[in-house]
Amino acid sequence: MTVWDARAMARLEVMAAELTGVGVVGLFERLIADVWRVNCQRYEPSEIGDTPRSLGVTASENLRVRLLREVGGTSSEWRARGVKAGAPDNSLLLAACGYEVRQMKAPQTDTRIPGWSSFDWASESDARYRCAEANSAVYRSEGFGVGGQGILPILAPVSVAGTLTNALVVWSGRIETGETAGWLGLPILGDEPWLAVKRLWWHDFGAGEGLPRPVGDEGRGYGGFDEQPEPMPKVVLKPQREERKRP
């Protein structure tokens, strides 16, 4: 069992509650579940050479586009909630409740649970590295944020967990069933890549249920082609003309 920094974990609990309150956690859960389900349905490793890596990249790109479209629209209901979305560095960034939240697909595992100690921000994208770097600049705790990863991080002069504002939504999924799971985490530079991680959702559709639509997503029009209702042809019989009788 991973032991997280206690003060950072308390901060993360507050962050998760506030992001849930404005609908951000539900938004991530719904869109991630949907794009993963659709991409798993068209996953063809033997026919066209799909790999778990290519599947994850495609799903993440779909998620970026979908979230920007939904939150960034001029008539979006999210504006009233103080939620904004952008991609300043071509990487999804969502701002809400005073926090900056990014997303990442965890490497594929049989259990869906990421190996939390295996993350290396120095080899990740610049956006994720800066996320960990920002947390390192405002928070320091014994055993976290010191050395490691080939780069000496900037250490905060004091340990103030309330100043942590950069978080990552880490998600994973099962290819066979389309089930997903999501966590909210506080990345940091150093020997330990995470200050704290909290699970947000864990889907369990049950054995033999295939790839169902996420609960609450009915009627949104996001289903794949094979889920669209079968068209019913409209057949109208031409009325028969009454035969005239000869005089």
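The basis for the numbers below is simple: all heavy atoms, side chains too, and nothing from hydrogens, waters or symmetry mates.
Legend: residues meeting side-chain hydrogen bond (donor to acceptor under 3.5 Å, both in side chains) with Arg11, ordered by chain and number and at least two apart, are absent. For Arg69, there are no salt bridge (charged side-chain N to carboxylate O under 4.0 Å, His left out) partners at least two apart in sequence or on another chain. Applying the side-chain hydrogen bond (donor to acceptor under 3.5 Å, both in side chains) rule to Lys198 yields the partners Glu13; only residues at least two apart in sequence or on another chain are considered. Annotation: side chain to side chain contact (heavy atoms under 4.5 Å, CB included) contacts of Ser125 (sequence neighbours excluded): Ala127, Arg128. Remark: Glu18 engages Tyr99 in a side-chain hydrogen bond (donor to acceptor under 3.5 Å, both in side chains) (not counting sequence neighbours). Residues satisfying the side-chain hydrogen bond (donor to acceptor under 3.5 Å, both in side chains) test with Asn166, not counting sequence neighbours, are none. In this view, Arg81 and Glu77 satisfy the salt bridge (charged side-chain N to carboxylate O under 4.0 Å, His left out) rule, not counting sequence neighbours. Applying the side chain to side chain contact (heavy atoms under 4.5 Å, CB included) test to Ser46 and every residue at least two apart in sequence or in another chain returns nothing. Scored by the side chain to side chain contact (heavy atoms under 4.5 Å, CB included) test, Val25 finds Leu19, Thr20, Leu200 as partners (sequence neighbours excluded).
Within the structure, every pair that satisfies the ring pair (Phe, Tyr, Trp, His ring centres under 6.0 Å) test and touches residues 35-70, not counting sequence neighbours, is listed here: Trp36-Trp171. For the salt bridge (charged side-chain N to carboxylate O under 4.0 Å, His left out) condition, the pairs that include at least one residue of residues 52-62, sequence neighbours left out, are Glu61-Arg64. Among residues at least two apart or in separate chains, salt bridge (charged side-chain N to carboxylate O under 4.0 Å, His left out) pairs with a member in residues 90-105 are Asp89-Arg102.
Less than 6.0 angstrom separates the ring centroid of Trp121 from the ring centroid of Trp194.
Checked by atom type and distance alone, the side chain of Asn135 pairs as donor or acceptor with a backbone atom of Pro187 at under 3.5 Å. Here the side chain of Asp34 pairs no donor or acceptor atom with the backbone of Arg30 at under 3.5 angstrom. Within the 3.5 Å criterion, the main-chain N or O of Val57 finds no donor-acceptor partner in the side chain of Ser60. One N or O on the side chain of Asp50 and one on the backbone of Glu44 form a donor-acceptor pair closer than 3.5 Å. A distance-only check finds a donor-acceptor pair linking the side chain of Gln108 to the backbone of Gly173 [under 3.5 Å].
By the 30° and 60° cut-offs, the orientation of the rings of Trp116 relative to Phe119 is parallel.
In this structure, the side chains of Leu31 and Gln103 stay at 4.5 Å or more apart for every pair of heavy atoms.
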